Amino acid sequence: VQLQASGGGLVQARGSLRLSCVASGSILSINTMGWYRQAPGKQRELVATMTSDGTTDYSDSVQGRITISRDNARKTVDLQMDSLKPEDTAVYYCNADIYYDDTGLRLRRLSWGQGTLVTVSS
């Protein structure tokens with residue numbers, strides 16, 4: 001089971017970026033999917049999460065500017081980021097709570113993607 005994130009890059013303040021993350025492997029089901037970020041010298045923090053039934057949770061710092069979405073059939077979770085600020089600069093990680101099959105066993109793993117860098121210039 002693995003998560004592959006994409007979509008980071010350099011953008012000017014007030015610009016937009018869209019991050020995408022896809023889960024692959026012998027996946028049986030996925031509970032919560034989400035995005036976290038880690039800025040230089042800071043701890044990793046929540047950006048947004050979405051449960052399998054569509055319930056969302058956002059950090060106060062991104063509320064109203066960033067929208068999370070997911071496609072359960074495609075096993076993807078996206079992050080649409082608008083009105084970006086320099087303080088949004090960070091490495092963004094996708095995360096998923098996954099049930100998967102391992103030689104007939106039903107196992108559970110909290111998986112992380114490799115991280116994608118978002119840089120917002122002022």
Side-chain angles (χ1 to χ4, degrees):
V1 173
Q2 60 180 337
L3 298 177
Q4 180 69 43
S6 61
L10 174 64
V11 64
Q12 290 187 331
R14 296 179 296 282
S16 297
L17 276 178
R18 188 176 184 88
L19 307 183
S20 295
C21 178
V22 58
S24 61
S26 300
I27 295 171
L28 300 173
S29 63
I30 304 177
N31 295 330
T32 299
M33 302 184 81
W35 290 89
Y36 291 73
R37 68 186 181 186
Q38 188 166 17
K42 295 187 177 181
Q43 290 188 332
R44 192 173 297 188
E45 64 175 5
L46 167 74
V47 178
T49 61
M50 179 179 277
T51 64
S52 57
D53 64 359
T55 301
T56 58
D57 183 29
Y58 290 93
S59 165
D60 289 343
S61 64
V62 306
Q63 185 78 42
R65 301 187 296 116
I66 290 180
T67 303
I68 190 170
S69 60
R70 63 185 280 180
D71 184 322
N72 291 331
R74 294 174 56 232
K75 303 182 182 64
T76 60
V77 59
D78 292 350
L79 198 67
Q80 177 64 42
M81 304 189 293
D82 301 315
S83 302
L84 284 163
K85 304 176 181 179
E87 51 263 44
D88 293 317
T89 294
V91 177
Y92 284 70
Y93 298 89
C94 58
N95 165 279
D97 181 11
I98 298 175
Y99 284 96
Y100 64 100
D101 175 78
D102 185 353
T103 61
L105 295 176
R106 184 172 184 262
L107 301 178
R108 184 177 183 179
R109 175 187 296 174
L110 189 64
S111 295
W112 290 90
Q114 83 283 10
T116 184
L117 177 62
V118 172
T119 304
V120 184
S121 63
S122 58

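The first residue of the sequence shown is numbered 1, and numbering continues consecutively from there. The model shown is predicted, which means the values in this text are computed figures rather than measured ones.
Between the CZ atom of R44 and the CZ atom of R37 there is a distance of 13.0 Å, given to the nearest 0.5 Å. One finds the CG atom of D57 at 11.0 Å from the CE atom of M50 (value rounded to the nearest 0.5 Å). Atom OH of Y93 is separated from atom CD of Q114 by 9.5 Å, given to the nearest 0.5 angstrom. Atom CD in Q2 sits 10.0 Å away from atom CD1 in I98 (nearest 0.5 Å). The structure places CG of L46 at 9.5 Å from CG of N95, a figure rounded to the nearest 0.5 Å. Annotation: the span from T116 atom OG1 to Y92 atom OH amounts to 10.5 Å, rounded to 0.5 Å.
V118 and Y36 end up in different hydrophobic clusters when Ile, Leu, Val, Met, Phe, Trp and Tyr side chains are linked at under 4.5 Å. Under a hydrophobic clustering in which Ile, Leu, Val, Met, Phe, Trp and Tyr are joined whenever their side-chain heavy atoms come within less than 4.5 Å, directly or via other members, Y99 and V22 fall into different clusters. In the hydrophobic clustering of ILVMFWY residues, with side-chain heavy atoms under 4.5 Å counting as a link, L17 and L10 come out apart. There is no path of hydrophobic side-chain contacts, each under 4.5 Å, that joins L79 to W112. Put simply, V77 and V91 are part of two different groups of oily side chains (I, L, V, M, F, W, Y) that touch within less than 4.5 Å, one to the next.
In this structure, a donor-acceptor pair under 3.5 Å is present between the side chains of S20 and D78.
Within the 4.5 Å cutoff, side-chain heavy atoms of Q80 are placed close to those of S16. Looking at D97 and R108, their side chains come closer than 4.5 Å, going by heavy atoms from C-beta outward. Within the 4.5 Å cutoff, side-chain heavy atoms of L19 are placed close to those of M81.
Considering all non-hydrogen atoms of both residues, D71 and R74 come closest at OD1-N, 3.0 Å. Considering every non-hydrogen atom in both S52 and R70, the closest pair reads N-NH1, 3.4 Å. Nearest heavy-atom pair across S122 and A13 is CA-CB, 4.3 Å. The two residues L84 and R65 have their closest heavy-atom pair at CA-NH1, 3.8 Å. Of all non-hydrogen atoms in L117 and A90, the two that sit nearest each other are CD1-O, 3.6 Å.
Around CZ of R18, the count of heavy atoms belonging to other residues, nucleotides or ligands within 6.0 Å exceeds 12.
Evaluation of the disulfide bond (SG atoms under 2.5 Å apart) test over residues 15-122, restricted to residues two or more places apart or in two chains, returns C21-C94. For residues 29-60, no residue pair satisfies the disulfide bond (SG atoms under 2.5 Å apart) rule, not counting sequence neighbours.
Although no hydrogens or angles enter the test, the distance criterion places no donor-acceptor pair under 3.5 Å between the side chain of S26 and the main chain of Y100.
Exactly one of V1, D102, I27 qualifies for a side-chain contact (heavy atoms from CB on, under 4.5 Å) with R109. That residue is V1.
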